Amino acid sequence: MTVPTGFSDDWDPMDRAFDPAPAAPKTGGIAARAMAARQVPDYLTGLNPEQKLAVETIEGPVLVLAGAGTGKTRVLTTRIAHILATGAARPSEILAVTFTNKAAREMKERISGFIGGNVEGMAWLGTFHSICVKILRRHAELVGLKSSFSILDTDDQIRLIKQIIQAEGIDDKRWTAKAFAGMMDGWKNRALTPDQVPEGEARAFANGQGRKIYEEYQDRLSVLNAADFGDLLLHVITLFKSQPDLLKDYQRRFRYMLVDEYQDTNIAQYLWLRLLAQGNPNVCCVGDDDQSIYGWRGAEVDNILRFEHDFKGATVIRLERNYRSTSHILAAASHLISHNEGRLGKTLFTDFHEDDHDLVSVTSAWDSEEEARSIGDEIEALQSNGHKLNDMAILVRASFQMREFEDRFITLGLNYRVIGGPRFYERMEIRDALAYFRCTVQPADDLAFERIVNTPKRGLGEATLKLVHELARSQRIPLMQAASQLCQTEELKPKPRNALKEVIGNFERWRAQLDSLSHTELAEIILDESGYTEMWRKDRSAEAPGRLDNLKELIRSMEEFESLAGFLEHISLVMDRDSADANDAVSIMTLHSAKGLEFDTVFLPGWEEGLFPHQRSLDESGRAGLEEERRLAYVGVTRAKKRAKIWFTSNRRVHGMWQSSIPSRFLDELPPDHVEIAEPSSNYGGYGGGGYGASRFDKADPFQSGSYATPGWQRAQKARQAMDGFSEGGGRGYQSARQKRQGPLTIEGELVAKSVSDSPSDYSLGERVFHIKFGYGAIKSIEGNKLTIDFEKAGVKKVIDSFVERH
DNA sequence: AGTAGTCGTATTTTT
DNA sequence: TACGACTACT
């Protein structure tokens, strides 16, 4: 194999080691077996005609529209097996992209079933982000990073933005870092670099400072040698666009490309794919426009709707045979989703018809407590009929709904598990520990450094950190380095200085041990010597023991990695904790996290206007929002294999206030023939607003009149008008905020300008200078940027030049 | 430096 | 209502 230009010889060492040579298949290999058989290879048996077509059409662009439960993953994995078996490509020449690590993992497992465990050869099977990191590590310099760059999580990101907003003298209450992060996320999802952000949008933040903040943020990232999640894709796109030769190499390399959940791709991901697909057209995208539920985080349903247009000569294959649900469930789901416009259109069908299949049920409850009680009752009833709790799930629209169920199930002693709660890596102690590791591996990781300098408490308060920050800023060096310089002088009081010295010394020592000790040993040493474990051991709070356990768990989970750096990379990309619970338990989760799963019985509570469809979705995105909510409903219903049970309440507590609620419009969009109105299990349901009327669910349904005469819509319009008025007059508020901070900022600006131009120190011996703390003095000696000064009042001190002014 | 009290806000979530 | 974040006080 020829090594493509631009790649060093470390380019995929896996190639030779793991790829079966296509020309001479090994005995027992799948290709060999397939060839020997000279008939339909066994991996193709059991596929329906459409699935088979989707597997075998490997040349040219293919769009597989795979409805819920139509064997999507099977097609995807079999297709890969087919490409390998026919010798069309080697494992390392296939690019297979998923959205979640879970999906990637599942795919790997299933493929290993086909190709006998050698999935390691599938070097390019992974999430968009992990594949981008892989590419980026190789060519980091070309986008201004070092290959050791670290990946920021949302928390770091927000902290960084906040610093920038504050440094700009912008009111960080009015313009929150979180809001900006969301905005910037939107830009990155659309692959917009700071200069490409549309003027109007850039102006929408902090009265025209949006672009500037974005620019500064990116500058800071490159100084920090870090990238956020959006950058991973964005940098690779920049790379591909600016390095045609490099792009060609990748185009040549990826002979077959597969994308899972195509309806969830954003514009950046689409562009990324397009660049690669320019080289060869063997792109296969699998998805379902009806299951697009991530529009709010940048997914473009348009990508899938436009596929045929974007990839000329595309074959479109529809998978409509459903292997999951009963005909009633499918009919209900299909009828519901048919109310959406702008679909590619699929009609699911099944051969699964039996007389005793349950209809989709709709039940009313007085309030959420009764809802939880009656669902609990049903679960217990099913359980006593021999149904497993594992086969049941409660899917809610918003996570606050979960609590009511948890409360009820605790009272009943019913086992449950909540899917998608706070994740392992998000816990404070894990993040702290990781920050220690990050600082060891990457001394320039300022955000990590900041996080733990004073954790556990070392008496390094605001004042000390401010000095470190000032120095780091003026010299454009990492905090760690600034701190180290500061320690060599007498800028700091002895106590903080010694504390700081110790921290830095620790990190230096640990760094030196990186190669000599195993990374797990070192990790333990770090947590011990830093006093971090000690801190939790002394902590008498209820959570402390659990936190120590988590830390142990963290160390244990490091074992399967080769190095600390490798582990950190994994952790920043792979954020899921897969705690496979062996116990029988009902799952409680949001509709969003239910996508891709299936259960015999699915409970769908909270089908009320305002909650589902969610008011905010309607307010913010109007029609498109409503359609996405409807798709969410579709996803919910299609998770059910045998029983789908919908609930709505007449009263619900919203922000602590009781509000009467109206049944969801989605209920009226279900086909009456497949739905039964079930009696609530307890006897005081149906009182008040819960009665059934003309629209089967509610007589006084204002939503039936005009589609957007809804209260929410009107509220949305008012809000928008208010916004418009505000942003026009908002300039004044901004001005005053800016003026207020002008003073200190200018001083800072002078300081920065001075120290940069003066570096290395151009003070001369004997010069008279002023220090803000020590007063006037004369320079006695100079080493680099460190000055020894004889102060008139404070005596002889060693200080850094940027802290003094000429006098 | 730690705590109490106040204020504001309040979907969906992966990487 | 309820929680988290930030302030101000001790």
Side-chain angles (χ1 to χ4, degrees), chain A residues 97-104 126-133 136 151-159 162 172-174 176-179 181-182 185 188-189 227-234 260-261 264-266 268-269 292-299 368 395-404 419-423 425-426 428 454-464 496 569-577 589-596 606 610-621 625 628-629 631-633 635-636 652-659 712:
Chain A
V97 206
T98 63
F99 270 85
T100 62
N101 294 299
K102 195 172 154 224
T127 61
F128 274 103
H129 297 268
S130 66
I131 287 169
C132 284
V133 171
L136 221 45
I151 300 162
L152 299 194
D153 57 33
T154 331
D155 213 72
D156 296 329
Q157 204 184 358
I158 303 256
R159 273 190 294 150
K162 197 167 190 174
D172 62 344
K173 291 256 167 56
R174 173 74 184 83
T176 64
K178 224 178 130 210
D185 234 35
K188 291 189 172 180
N189 284 338
D228 65 24
F229 279 110
D231 284 342
L232 297 178
L233 267 148
L234 210 46
D260 192 14
E261 306 277 20
D264 289 339
T265 48
N266 59 34
Q269 286 155 341
S292 161
I293 54 174
Y294 286 111
W296 51 274
R297 65 177 200 214
S368 54
L395 310 183
V396 298
R397 172 67 244 267
S399 39
F400 75 81
Q401 291 173 265
M402 295 181 177
R403 211 160 112 189
E404 203 92 48
I419 315 269
R423 278 174 212 87
Y425 75 96
E426 273 170 352
M428 196 208 312
N454 202 30
T455 312
K457 299 268 181 286
R458 302 183 171 96
L460 296 168
E462 226 175 293
T464 313
E569 167 129 341
H570 169 86
I571 227 71
S572 57
L573 285 172
V574 181
M575 306 165 122
D576 53 2
R577 113 202 103 151
M589 67 188 99
T590 64
L591 286 160
H592 283 92
S593 39
K595 195 169 80 157
L611 177 58
F612 193 36
H614 202 285
Q615 193 60 55
R616 195 133 165 197
S617 205
L618 264 31
D619 289 352
E620 276 166 16
S621 325
E628 183 154 309
E629 294 286 304
R631 291 193 290 266
L632 203 48
V635 166
R652 192 171 289 275
R653 208 162 31 176
V654 183
H655 308 326
M657 299 271 283
W658 283 101
Q659 286 191 346

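Throughout, protein chains are lettered first and strands after them, A, B, ... in sequence-line order, and every chain is numbered starting at 1. In this text, all values refer to a predicted model and were calculated from it rather than measured experimentally.
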query: Looking at side-chain heavy atoms only, is the closest gap between A:Glu261 and A:Tyr294 below 4.5 Å?
result: no
- prompt: What nucleic acid atoms does A:Ser399 come within less than 4.0 Å of, heavy atoms only: base, sugar-phosphate, or nothing?
  reply: sugar-phosphate
message: Nearest whole Å is fine: how far is C:dA5 P from A:Ile158 CD1?
response: 11 Å
- line: Residue pair A:Met589/A:Gly459 against DNA chain B: nearer the 5' end by closest nucleotide is A:Gly459
query: Is there a side-chain contact between A:Leu233 and A:Lys188, using heavy atoms and a 4.5 Å cut-off?
result: no
query: Should A:Lys162 be listed as having a side-chain N or O under 4.0 Å from OP1 or OP2 of C:dC6?
result: yes
message: Can you tell me if A:Trp296 is stacked onto the base of B:dT12, using a 5.5 Å centroid cut-off and an angle below 30°?
response: yes
task: May I ask you to evaluate whether A:Thr590 reaches the phosphate of B:dT11, defined as a side-chain N or O under 4.0 Å from OP1 or OP2?
output: no
Beyond-backbone contact of A:Arg458 with A:Thr464, side-chain heavy atoms, under 4.5 angstrom: no
- prompt: How about A:Arg652 and A:Met657: do any of their side-chain heavy atoms sit closer than 4.5 Å?
  reply: no
- prompt: Among B:dT15, B:dT11, C:dC3, which nucleotide sits nearest the side chain of A:Arg403?
  reply: C:dC3
- prompt: Out of C:dC6, B:dT13, B:dT11, which nucleotide sits closest to the side chain of A:Lys173?
  reply: C:dC6
query: When the distance from CH2 of A:Trp658 to C1' of C:dT1 is rounded to whole Å, what number comes out?
result: 11 Å
- prompt: Between A:Ala104 and A:Gly126, which heavy-atom pair has the shortest distance, and what is it?
  reply: CB-CA, 4.1 Å
message: Can you measure A:Arg631 atom CZ to B:dT12 atom P for me and round it to whole angstrom units?
response: 18 Å
message: Between C:dA5 and B:dT12, how many Å separate the two P atoms, rounded to a whole number?
response: 16 Å
- prompt: Quick one: A:Phe229 CZ to B:dT15 P, roughly how many Å, whole number?
  reply: 8 Å
- request: Write down the distance between NZ (A:Lys178) and C1' (B:dA10), rounded to a whole number of angstrom.
  value: 10 Å
task: For the pair A:Phe229 and A:His129, name the ring-plane relationship: parallel under 30°, tilted 30 to 60°, perpendicular over 60°.
output: perpendicular
- prompt: When you measure from the side chain of A:His655, which nucleotide among B:dA10, B:dG2, B:dT14 comes out closest?
  reply: B:dA10
statement: Among the nucleotides B:dT11, B:dT13, B:dG2, whichever has the atom closest to the side chain of A:Lys457 is B:dG2
- prompt: Does a side-chain N or O from A:Ser593 land closer than 4.0 Å to OP1 or OP2 of B:dT12, or not?
  reply: no
message: Please confirm whether the shortest side-chain N or O distance from A:Asn101 to OP1 or OP2 of B:dT14 is below 4.0 Å.
response: no
- prompt: Can you tell which of B:dT11, C:dC3, B:dT13 lies closest to the side chain of A:Arg297?
  reply: B:dT13
- prompt: To the nearest angstrom, how far is A:His129 atom NE2 from B:dT14 atom C1'?
  reply: 7 Å
message: Please compare A:Asn454 and A:Arg397 by the position of their nearest nucleotide in DNA chain B and report the one closer to 5'.
response: A:Asn454
query: A:Arg653 near the nucleic acid: base, sugar-phosphate alone, or nothing, with a heavy-atom cut-off under 4.0 Å?
result: nothing
task: Could you check how far CG of A:Leu611 sits from C1' of B:dT11, rounded to whole Å?
output: 9 Å
task: Using atom CG of A:Asp153 as one end and atom C1' of B:dT13 as the other, report the distance to the nearest whole Å.
output: 14 Å
- request: Check every strand shown and say whether A:Gln269 touches a base, only sugar-phosphate, or nothing at a heavy-atom separation below 4.0 Å.
  value: nothing
